[in-house]
There are 2 protein chains.
Amino acid sequence: MNRHPYHHGNLRAVLLAEAERTLRDQGIDQLSLRDLARHAGVSHAAPRRHFADRQALLDALAEAGYQRLDDQLHAAIDIAGDDHRTRLRAVAAAYIRFATHDAALLELMYAVKSGPHSAALDAASGRLLTTFDNEVREAQQAGTLLPGDPGRVRLLILAIVQGIAGLITTGSIDARLADELIADAAELFTHGPR
Amino acid sequence: MNRHPYHHGNLRAVLLAEAERTLRDQGIDQLSLRDLARHAGVSHAAPRRHFADRQALLDALAEAGYQRLDDQLHAAIDIAGDDHRTRLRAVAAAYIRFATHDAALLELMYAVKSGPHSAALDAASGRLLTTFDNEVREAQQAGTLLPGDPGRVRLLILAIVQGIAGLITTGSIDARLADELIADAAELFTHGPR
DNA sequence: ACCTGAACACCGTTCAAGT
DNA sequence: ACCTGAACACCGTTCAAGT
């Protein structure tokens, strides 16, 4: 609200928030440091104090994205309660919600992860993986999920959930059909096809 | 081989070939019209005759990508022979081979498909979908694939295949583990989990 | 019909200088 | 400690002019 709020140390946060909005609304191609600086009311060189280059900003966005996704999965798990079938579907639904609401961010998260990345990013994505792993392991122990190597089962579930999210993002299917596909997949992974 | 080969009508093809190479080796961010023109030995404005803007070049790359992927799937099917189990796994393997060899191109193909696109692109992606559909339908009729709405079964298979490809692209798994996951998925979709 | 060269408005990045 | 302003090397795009 001040005329000079950026001398008080919140420029970094303001830039990140605006970048996340632009990423969601206009895509990564439209994300420009100079544009962010203009929106924040600072010179085009000011962001340099907080992000060494454009990639550093993208890394920070990805790290925050992993953190937020993990938070949302945990929230979904907490609401779902004790039944493992319900929990698994809640996690899948929460992941797909994130993937469709922040498709460009999720893509960025994976792209950043496959290149060289910071320890902080690694920790954030590691937490997400642990969240997934725990659910799969517990569901298997409870007999809800089909048996087999937990690592492979987790990867298969991850693949199909991410695949369904991709179908929505590319406009191949709508949310209603996505729900049916999740139900089909859940059936397959918990009961078997017949 | 001539000093002036671009007055003979092959600049478009040369630009497309070089663009495909750059996309594969260096990613879409490094793909610049001016750079392509330099490599081809023409002025920076020359590509304009063949591609209205950068997006038009990307559209052309995507269309060629759909065509080539469809060709490779048909080749894999032809080699696989008559057994539907073998054919399905051959299609999945061919798709994943394309997805890992041309990850950036495949991403571009989906991105272009979700935005506004040309009739030619629609036709090319339509042919690919038909190839998939035929395999699923035939495998279902032969009793190889689990029954149910063919459209939903096709989408589920598409999701898991694309999901596995994504896991490879992001470096989460290697080719050996990918093969095991495909085998797991094939088991799931043809026999059921137990 | 196809290509060139100059021009314009945008980038990311760097760096001396300001407060 | 943080921000500014000028500068540099790159883009994509446009357009008059050349062959």
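To find a chain, count down the sequence lines: A is the first, B the second, and so on, and within it residues start at 1. Everything quoted here is computed from the prediction, not taken from an experiment. Just the heavy atoms: all of them, side chains too, but no hydrogens, waters or symmetry mates, feed the values below.
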field: Residues in side chain to side chain donor-acceptor pair (under 3.5 Å) contact with A:Ser43, at least two apart in sequence or another chain
entry: none
field: side chain to side chain donor-acceptor pair (under 3.5 Å) against A:Tyr95, all qualifying residues, sequence neighbours excluded
entry: A:Tyr110, A:Gln162
- prompt: Taking only residues at least two apart or on different chains, which pairs with a member in residues 55-76 of chain A satisfy salt bridge (Lys or Arg N to Asp or Glu O under 4.0 Å)?
  reply: A:Glu20-A:Arg68, A:Arg68-A:Asp102
- request: Name all pairs fulfilling the salt bridge (Lys or Arg N to Asp or Glu O under 4.0 Å) condition that reach into residues 154-172 of chain A, sequence neighbours left out, sorted by first residue then second.
  value: A:Asp133-A:Arg154
- request: For A:Arg21, check salt bridge (Lys or Arg N to Asp or Glu O under 4.0 Å) against everything at least two apart and list the hits.
  value: A:Glu18
Non-neighbouring partners of A:Arg127 that pass salt bridge (Lys or Arg N to Asp or Glu O under 4.0 Å), sequence neighbours left out: none
- request: Determine, for nucleotides 8-19 of chain D in 5'-to-3' order, which nucleotides have protein heavy atoms under 4.0 Å from the base (write B), from only the sugar-phosphate (write S), or from neither (write -).
  value: ---SBBBB----
message: Show every side chain to side chain donor-acceptor pair (under 3.5 Å) that has at least one partner inside residues 137-151 of chain B, sequence neighbours left out.
response: none
task: Could you provide the dot-bracket string of DNA chain C, using ( ) for intrastrand pairs, [ ] for crossing pairs and | for bases paired to another strand, with Watson-Crick or G-U pairs below 3.5 Å?
output: ||.|||||...|||||.||
